[in-house]
Amino acid sequence: MGKWMVFSAWPYINSEPHLGTLLHLITADYYARFLKGVGEEAISVSGSDEHGTPIEVEAMKQGRKPVELTDEMHKKVLELLKQFSVELDNYSRTDNEVHKEFVRDFYLRLEQEGYVFKQQTIQLYCEHDKIFLPDRFVVGKCPFCGYERARGDQCENCGRLLEPTMLIDPKCVLCGNTPVKRQTYHWFFDLPRLSDKLRAFVAGLPENVRFFSMNMINEGLKPRSITRDNKWGIKSPFPGSEDKTIYVWMEAILGYLSGVKELELGGRPGLFEEYWKSPDTKSVYFIGKDNIPFHSIILPGLLIASNAGYSLPTYISSTEFFLFGQLKFSKSQHVGVWASEALQIADGEYWRYALLSLRPERGDSNFSWADFQKIINNDLNDTIGNFINRVLKFVSEKFDGVVPEQRQLTTDDKEFISKITSKKREYIDLNYSLKIKDAVKAFLESGYIGNEYLSGQKPWDLIKRDYDRACTVIYNSVQTVNHLGFMMSPIMPVKSAGLLKQLNISKFTAELKWEAINPGHKINRNDVSPLFSKIKIKKA
RNA sequence: GCCGGGGUAGCUCAGCUGGUUAGAGCGCCAGACUCAUAAUCUGGAGAUGAGAUUAUCCAGAAGUCGAGGGUUCAAAGCCCUCCCCCGGCACCA
């Protein structure tokens with residue numbers, strides 16, 4: 001049995017994360033908890049991605065140092081993650097020393113392996129802001145359609161792809177001055193040389209990732225520049241490149257490695273080699289479709305090129321987007337739901353449940369307040385919460401909080417037991433196949449089955465005329481609560497802990513074995529209370 | 001332009017290696033129950049109309065998963081043409 005590394009895409013912290021970004025962090029946290037829950041050895045890592053031009057520019061606008069900005073933002077993200085019950089083994093940041101050193105060593109090694117070359121390029125430079133301008137930081141007249149506000153990478157009006165130098169009358173987007181062309185040197189990663197190896201790797205990826213990536217390879221990979229002329233970033237290690245920094249993507253992506261290294265240095269000797277260099281290690285990356293190529297091509301490319309025996313990604317689980325009333329979430333347009341807003345509306349754990357059950361695994365999925373409310377009120381509260389509550393209340397009121405014995409099983413009981421057991425098995429299997437949305441659904445369906453059983457068996461009726469039957473039905477229902485708790489615990493860790501307390505047990509059983517809570521066990525009847533409550537959302 | 005994804009009940013979606021009468025949840029209608037947080041459970045209509053019949057019912061034919069063709073004993077899943085929506089097309093993070 002191999003070990004597992006669970007990763008979430010590192011959020012770029014130029015602003016607060018929105019639901020789309022949060023989704024991957026929550027999923028990674030969920031998945032790592034699931035794995036640990038079934039007894040796998042797993043570590044989970046992510047962190048704040050904090051270098052690069054957008055943050056540098058934002059800091060410039062505010063008249064602050066970039067690091068002040070990201071210190072603040074990173075702290076805020078940590079705070080937010082806590083509220084969403086995201087507790088990865090390491091949630092790091094790219095400005096930490098371990099990462100920086102790791103990155104520099106890594107690229108020096110890559111150079112030794114012969115995958116780095118230096119080349120001259122021409123780029124637009126703003127003399128006023130003293131900054132080389134990335135494509136999107138230049139606007140001007142489109143040479144094809146004449147649209148005045150075409151960006152350096154693409155004209156929004158006619159859709160044509162552009163080069164910044166093609167723009168007529170280019171302007172710096174920051175200050176409006178005309179940038180100048182300036183010669184510079186950059187160090188490049190020789191990606192094309194890895195085409196064949198990457199093609200073999202990509203062939204094993206899931207379809208939604210594979211098509212896209214294979215296409216890029218077939219169109220011909222291009223060398224990827226490693227360096228930038230920015231100040232805010234990791235100092236480039238190549239001789240002669242002292243005034244340059246590493247391009248933010250090319251270093252942040254190595255956080256998956258440095259984050260594990262950091263864990264090792266934090267007191268787990270040997271961890272890095274054990275995980276990253278073992279052929280048995282499985283790795284899962286939870287990402288959005290917008291950064292597929294970085295995980296399917298660039299990261300594996302870097303890993304292969306380093307020739308250091310790192311294990312390549314095993315699973316890349318890419319989701320589509322959440323749309324918000326048909327529109328894509330967007331920071332600039334202010335479309336979408338931000339993390340702190342979300343927390344004002346509902347408990348972080350409710351969001352975990354909702355986001356995991358809406359997870360856009362197949363196509364873009366619409367997020368609407370009505371759906372959200374329905375998921376919380378009907379699914380979580382009415383189906384799951386109410387089932388648990390009616391069982392525990394019953395045990396408290398009618399059995400003095402003591403779990404009754406199982407007597408003679410009827411056909412109905414046996415059928416019920418087998419239904420719940422197979423839902424649990426299904427839940428586990430679906431998780432292993434990374435069908436998380438379906439796994440969460442299996443959890444919900446277990447709630448339907450439980451309620452159906454209670455309504456059909458009517459223990460409140462039985463207790464008056466057939467005590468043995470009542471015992472059996474309630475015994476089975478209590479076992480069901482344990483199994484539900486098991487499925488719930490990675491989804492809503494805090495709520496599950498509350499349930500453990502109500503049940504007066506230390507953990508939920510991962511096994512499929514029916515009896516997990518013995519007859520005669522006393523639950524904490526004074527703690528029994530509904531786990532969830534309904535929410536009401538005012539129209540936005 | 002190229003690549004990919006989507007278009008299935010009022011809504012959100014599942015089904016798509018072709019195979020029984022196209023499913024679920026929500027919503028709607030009716031009923032049951034009262035242990036439980038006005039929660040739960042059951043049944044029904046609903047992705048189609050028309051003809052015939054006094055009516056219920058039954059039988060037959062036809063239609064039905066964006067549109068239209070095709071392949072097949074059999075298509076929501078495959079092929080072709082087309083329409084609509086979304087995303088991407090790498091130095092944006």
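Order of the sequence lines fixes the chain letters, A, B, ..., with proteins taken first and strands second; residue numbering starts at 1 for each chain. Side chains included, hydrogens not; waters and symmetry mates left out as well; all remaining heavy atoms used. The shown structure was predicted, so the numbers you read here are calculated from the model rather than taken from an experiment.
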Please give the distance between the [atom1] atoms of [N] and [M] as a whole number of Å.
N: rG51(B); M: rU42(B); atom1: C1'; value: 36 Å
N: rG66(B); M: rC83(B); atom1: C1'; value: 8 Å
N: rA74(B); M: rU21(B); atom1: P; value: 14 Å
N: rA22(B); M: rU48(B); atom1: P; value: 12 Å
N: rC84(B); M: rA67(B); atom1: P; value: 15 Å
N: rC3(B); M: rC13(B); atom1: C1'; value: 26 Å
N: rG27(B); M: rU12(B); atom1: C1'; value: 11 Å
N: rC82(B); M: rC26(B); atom1: P; value: 42 Å

Mind calculating the distance between [atom1] ([X]) and [atom2] ([N]) to the nearest angstrom?
X: Ile217(A); N: rC89(B); atom1: CD1; atom2: P; answer: 17 Å
X: Trp249(A); N: rA90(B); atom1: CH2; atom2: P; answer: 16 Å
X: Lys437(A); N: rC13(B); atom1: NZ; atom2: P; answer: 7 Å
X: Phe212(A); N: rG5(B); atom1: CZ; atom2: C1'; answer: 12 Å
X: Leu444(A); N: rC26(B); atom1: CG; atom2: C1'; answer: 12 Å
X: Asp371(A); N: rG27(B); atom1: CG; atom2: P; answer: 12 Å
X: Phe372(A); N: rU12(B); atom1: CZ; atom2: C1'; answer: 16 Å
X: Asp379(A); N: rC11(B); atom1: CG; atom2: C1'; answer: 15 Å

Tell me which nucleotide, if any, is Watson-Crick or G-U wobble paired with [N] when both distances must be under 3.5 Å.
N: rU81(B); value: rA67(B)
N: rA59(B); value: none
N: rG51(B); value: none
N: rG25(B); value: rC11(B)
N: rC89(B); value: rG1(B)
N: rA39(B); value: none

For Asp229(A), give me all partners under salt bridge (Lys or Arg N to Asp or Glu O under 4.0 Å), at least two apart in sequence or on another chain.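 Residues passing salt bridge (Lys or Arg N to Asp or Glu O under 4.0 Å) with Asp229(A): Lys244(A).
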For Glu251(A), all residues meeting salt bridge (Lys or Arg N to Asp or Glu O under 4.0 Å), sequence neighbours excluded: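 Salt bridge (Lys or Arg N to Asp or Glu O under 4.0 Å) list for Glu251(A), sorted by chain: empty.
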For [X], which contact category applies under a 4.0 Å heavy-atom criterion: base, sugar-phosphate, or nothing?
X: Met250(A); value: nothing
X: Gly288(A); value: nothing
X: Asp49(A); value: sugar-phosphate
X: Lys374(A); value: sugar-phosphate

Quick one: on RNA chain B, does Leu221(A) or His51(A) contact a more 5' nucleotide (nearest heavy atom)?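 Closest to the 5' end, via its nearest nucleotide, is Leu221(A).
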Sidechain-backbone polar pair: Asp400(A) side chain, Val402(A) backbone, donor-acceptor under 3.5 Å: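 No, Asp400(A) side chain to Val402(A) backbone: no donor-acceptor pair under 3.5 Å.
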B/S/- contact track for nucleotides 35-42 of chain B, protein heavy atom under 4.0 Å: BBB-SSSS
Would you please classify the geometry between the Phe132(A) ring and the Tyr125(A) ring as parallel, tilted or perpendicular, with 30° and 60° separating the classes?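 Correct class here is perpendicular.
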Between Trp249(A) and Phe294(A), what is the ring plane arrangement, given parallel below 30°, perpendicular above 60°, and tilted in between?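 Parallel.
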Let me check something: any side-chain donor-acceptor pairs from residues 382-389 of chain A under 3.5 Å, sequence neighbours excluded? List them with distances.
| from | atom 1 | to | atom 2 | distance (Å) |
| --- | --- | --- | --- | --- |
| Thr383(A) | OG1 | Asn378(A) | O | 3.0 |

Please collect all ring-ring contact (aromatic ring centres under 6.0 Å, His included) contacts where either partner lies in residues 453-474 of chain A, sequence neighbours excluded, each pair once.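 Sorted result for residues 453-474 of chain A: Phe399(A)-Tyr467(A), Phe416(A)-Tyr453(A).
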Nearest to the side chain of Phe294(A) - rA93(B), rU12(B), rA90(B)?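 Closest nucleotide to the Phe294(A) side chain: rA93(B).
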pair Ile375(A)-Leu358(A): side-chain heavy atoms closer than 4.5 Å: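 They are in side-chain contact.
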Could you check rG87(B) for me: syn (within 90° of 0) or anti?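 Anti conformation for rG87(B).
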Quick one: list whatever passes ring pair (Phe, Tyr, Trp, His ring centres under 6.0 Å) with Phe106(A), sequence neighbours left out.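 Ring pair (Phe, Tyr, Trp, His ring centres under 6.0 Å) list for Phe106(A), sorted by chain: empty.
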